[in-house]
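This report refers to the structure that appears directly beneath it.
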There are 2 protein chains.
Amino acid sequence: MNKRKISDLSRALIEIVRHFGPKGPNGECCENLSMPEFLALDKIANTEDCPVQNIGQLLGFTKSGATRIVNRLEKKGYVQKIKSFEDGRVCCVVITPQGENVLASTDERYSKEIEHLLARMPDKNAPHMKALLKDMARALRD
Amino acid sequence: MNKRKISDLSRALIEIVRHFGPKGPNGECCENLSMPEFLALDKIANTEDCPVQNIGQLLGFTKSGATRIVNRLEKKGYVQKIKSFEDGRVCCVVITPQGENVLASTDERYSKEIEHLLARMPDKNAPHMKALLKDMARALRD
DNA sequence: CTGTATGGTTGACGCTGTCAACCATTTGAT
DNA sequence: ATCAAATGGTTGACAGCGTCAACCATACAG
């Protein structure tokens, strides 16, 4: 198989992204959670009294997009909207216990898959690989 | 920032996927090419006389989805459909010179971004990191 | 030559996110 | 106190993408 046009490195990253991304084998992250929904849920879990717009900002959505994602999550019972009593315009989005559950179980599946993948790597250099991934993510944030 | 619920490793991978994936800063890979379109174009470039269904198979689409992606690519001028003369039912999808161009330029952008990222990382051993990423992608294929 | 399998296309549909207009609340200037 | 921005959120209309099922055309086996 003589791959052309695209460098090995690009292709490697693309394949990794594809595998773990929204359209990989697990197009949905969990039972009934799309990738953006999962990401939003994660943000909500980690933001105290998260306003709707924050989510949009963090994930690169419009505020109306954010509203819609939050509504979906709410309908699924993973999230609750509570009017802020400091500012009547703001909706604090809070994760529910069910939301916590689904987040935890998704994380578990994700982690397991990563471990499984790392175990199959040639040099068995899993710890090294983990460090690399974390460093990469950190470098992305800067 | 005390991140809860999700393990560091999961989060790292998620962030990487997000950054390089369809909804990262570059939601579109190139000018007017969505992520799936880009992937399809890559497959087409690397498959001699690629039937439409192949693309669907390789990317996890229905055959009708594949038709639609190919049509989009054709409308953009990156691809051409040619009726096979060995089997009148089959459409060979072939990349055009413009398609090659867009693929090359996208690869260049992608590569540059990776290099840039690696340069910012604490471990300056770029070749080693590249090797690790390629190993990871290889492990995915098995 | 007839029935079946296979490749591809198309119409109707559902889901997701954007845009723009909108409402409600807050805030600042007067 | 009042009124005009500014800000947070929601909603209707819309477009893009992919699925499903029905369909057409070609190939092939008996």
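Letters A, B, ... mirror the listed sequences (proteins, then strands); counts begin at 1.
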R18(B) side chain vs L59(A) backbone, donor-acceptor pair below 3.5 Å: yes
Residues touching DNA chain D, which here means a heavy atom under 4.0 Å, drawn from residues 63-75 of chain B: S64(B), G65(B), R68(B), I69(B), R72(B)
Gap between atoms CD and P, on Q53(B) and dT26(D) respectively (whole Å): 17 Å
For atom NZ of K81(B) and atom P of dG7(C), their distance in whole Å: 16 Å
Connected hydrophobic set around V94(B), excluding itself, where side chains approach under 4.5 Å: I82(B)
Interatomic distance, M35(A) CE vs dG17(C) P [rounded to whole Å]: 13 Å
Salt bridge (Lys or Arg N to Asp or Glu O under 4.0 Å) assessment of E37(A) paired with K76(A): CA-CA 11 Å; E37(A) 282 163 11; K76(A) 291 174 185 172; 2.7 Å; yes
Derivation of the side-chain contact (heavy atoms from CB on, under 4.5 Å) call for F38(A) and D107(A): CA-CA 10 Å; F38(A) 168 69; D107(A) 176 43; 6.0 Å; no
Smallest separation among heavy atoms of A139(B) and L117(A), with atom names: CB-CD1, 3.6 Å
Nearest-Å distance for atom pair CD/P, residues Q57(B) and dG18(D): 17 Å
Atom-to-atom span, CG of N32(A) to P of dC15(C) - whole angstrom: 13 Å
Which residues share a side chain to side chain donor-acceptor pair (under 3.5 Å) with K63(A), sequence neighbours left out: none
Residues which pass side chain to side chain donor-acceptor pair (under 3.5 Å) with Q57(A), listed by chain and number, not counting sequence neighbours: none
Any N/O pairs under 3.5 Å between the protein and nucleotides 27-30 of chain D? List them or say none.
from	atom 1	to	atom 2	distance (Å)
dA27(D)	OP1	G88(B)	N	2.7

Rounded interatomic separation in angstrom, taking CG from N54(A) and P from dT7(D): 15 Å
I55(A) CD1 to dT10(D) C1', straight-line distance once rounded to whole Å: 14 Å
Under 4.0 angstrom between K83(B) side-chain N/O and dA25(D) OP1 or OP2: no
Pairwise salt bridge (Lys or Arg N to Asp or Glu O under 4.0 Å) hits with a residue in residues 83-94 of chain B, at least two apart: D87(B)-R89(B)
L33(B) CG - dG16(D) C1' separation (whole Å): 15 Å
Transitive ILVMFWY side-chain link I95(B) to V90(B), under 4.5 Å: no
